[in-house]
2 protein chains.
Amino acid sequence: MENKISQLRQEHGLTQQMLAERLSVSRQTIISLETGRYNPSIRLAWQISHLFGKTIEDVFIFQEDEKK
Amino acid sequence: MENKISQLRQEHGLTQQMLAERLSVSRQTIISLETGRYNPSIRLAWQISHLFGKTIEDVFIFQEDEKK
DNA sequence: ATAAAATGTCAAGCTGGCTTTACATATTGA
DNA sequence: TCAATATGTAAAGCCAGCTTGACATTTTAT
């Protein structure tokens, strides 16, 4: 799974810290998401996508053969 | 957050057990999802939605004011 | 050049998503 | 009616998502 968080964040002129605050998560969570280290909850994925006016599928990109 | 898993599962003629097996999760996980007890990972949400040929937003419905 | 801001890594800990097992209560069908 | 199948609850445990804090490196701006 890839995601466009870093790109969207920069397009919106936000730092990792600012994005973390808007989402009420830690900055480490943003770093880990941007560097693809995990598989967030759907609620967090929705909050991020929604903040940028996108759908979850716009922001998070899954591979066809993707398993757990 | 609501979801349409129970409805979609029944439309596709699947039992909870069968759906659990197709997704490689436990039946308890399906029950907990259907009864709204948790906030799955985005990967599981995607696997479920994709199995039914839907987008995540088709299956999981968020409220505008939804917080963590 | 140099200070400040932004990004990143590491590590320890908490929490809740998810598993497993066991049992109880519908629901279906012969 | 009786058994089989489907759904639900409860409880204990594991693990990865997420937090916190401290520090290192890179980027930006003066």
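Throughout, protein chains are lettered first and strands after them, A, B, ... in sequence-line order, and every chain is numbered starting at 1. We use all heavy atoms of the structure for the numbers below, so side chains are in, but hydrogens, waters and symmetry mates are not.
Atom CG in B:L19 sits about 14 Å away from atom C1' in D:dT7, given to the nearest Å. The nearest whole Å value for the distance from the CG atom in B:L14 to the C1' atom in D:dA6 is 13 Å. For the pair A:M1 CE and D:dA16 P, the interatomic distance rounds to 15 Å; values are reported in whole Å. At whole-Å resolution of the value, CD1 in B:I31 and C1' in C:dA24 are 12 Å apart. Taking atom CD1 on A:I30 and atom C1' on C:dG8, their separation rounds to 14 Å, with Å as the unit. Here D:dT7 presents its C1' atom at 15 Å from CG of B:L33, a figure rounded to the nearest Å. A straight line from CG of B:L44 to C1' of D:dG17 spans 14 Å, rounded to a whole angstrom. Rounded to an integer number of Å, the gap from CZ of B:R9 to P of D:dG8 is 7 Å.
Both A:P40 and B:E34 lie near DNA chain D, and the one whose nearest nucleotide falls closer to the 5' end is B:E34.
For the pair B:E21 and B:R27, the salt-bridge criterion is not met [side-chain N within less than 4.0 Å of a carboxylate O].
Distances shown here put a side-chain N or O of A:S41 below 4.0 Å from the OP1 or OP2 atom of D:dC18. For the pair A:R37 and C:dT9, the criterion of a side-chain N or O lying under 4.0 Å from OP1 or OP2 is met. A:Q16 has a side-chain polar atom (N or O) that falls below the 4.0 Å cut-off from OP1 or OP2 of C:dG8. Dashed line: the shortest gap from a side-chain N or O of B:R43 to OP1 or OP2 of D:dA16 is not under 4.0 Å. Residue B:S26 has a polar side-chain atom (N or O) positioned under 4.0 Å from OP1 or OP2 of C:dT19.
Side-chain proximity of A:Q28 to the nucleotides D:dT9, C:dG8, D:dT20 is greatest for D:dT20.
Scanning atom types as modelled, no donor and acceptor separated by under 3.5 angstrom connect the side chain of A:Q17 and the base of C:dT7. No donor-acceptor contact under 3.5 Å links the side chain of A:R27 to the base of D:dG21.
A distance of 10.0 Å separates CH2 in B:W46 from CG in B:L51, rounded to the nearest 0.5 Å. To the nearest 0.5 Å, the span separating NE2 on A:H50 from CD1 on A:I56 amounts to 10.5 Å.
In this view, B:E57 satisfies the side chain to side chain donor-acceptor pair (under 3.5 Å) rule with no residue, not counting sequence neighbours.
Across all strands shown, A:T15 has heavy atoms under 4.0 Å from sugar-phosphate atoms exclusively, and none from any base.
With no hydrogens or angles considered, no side-chain donor-acceptor pair links A:S32 and A:T29 at under 3.5 Å.
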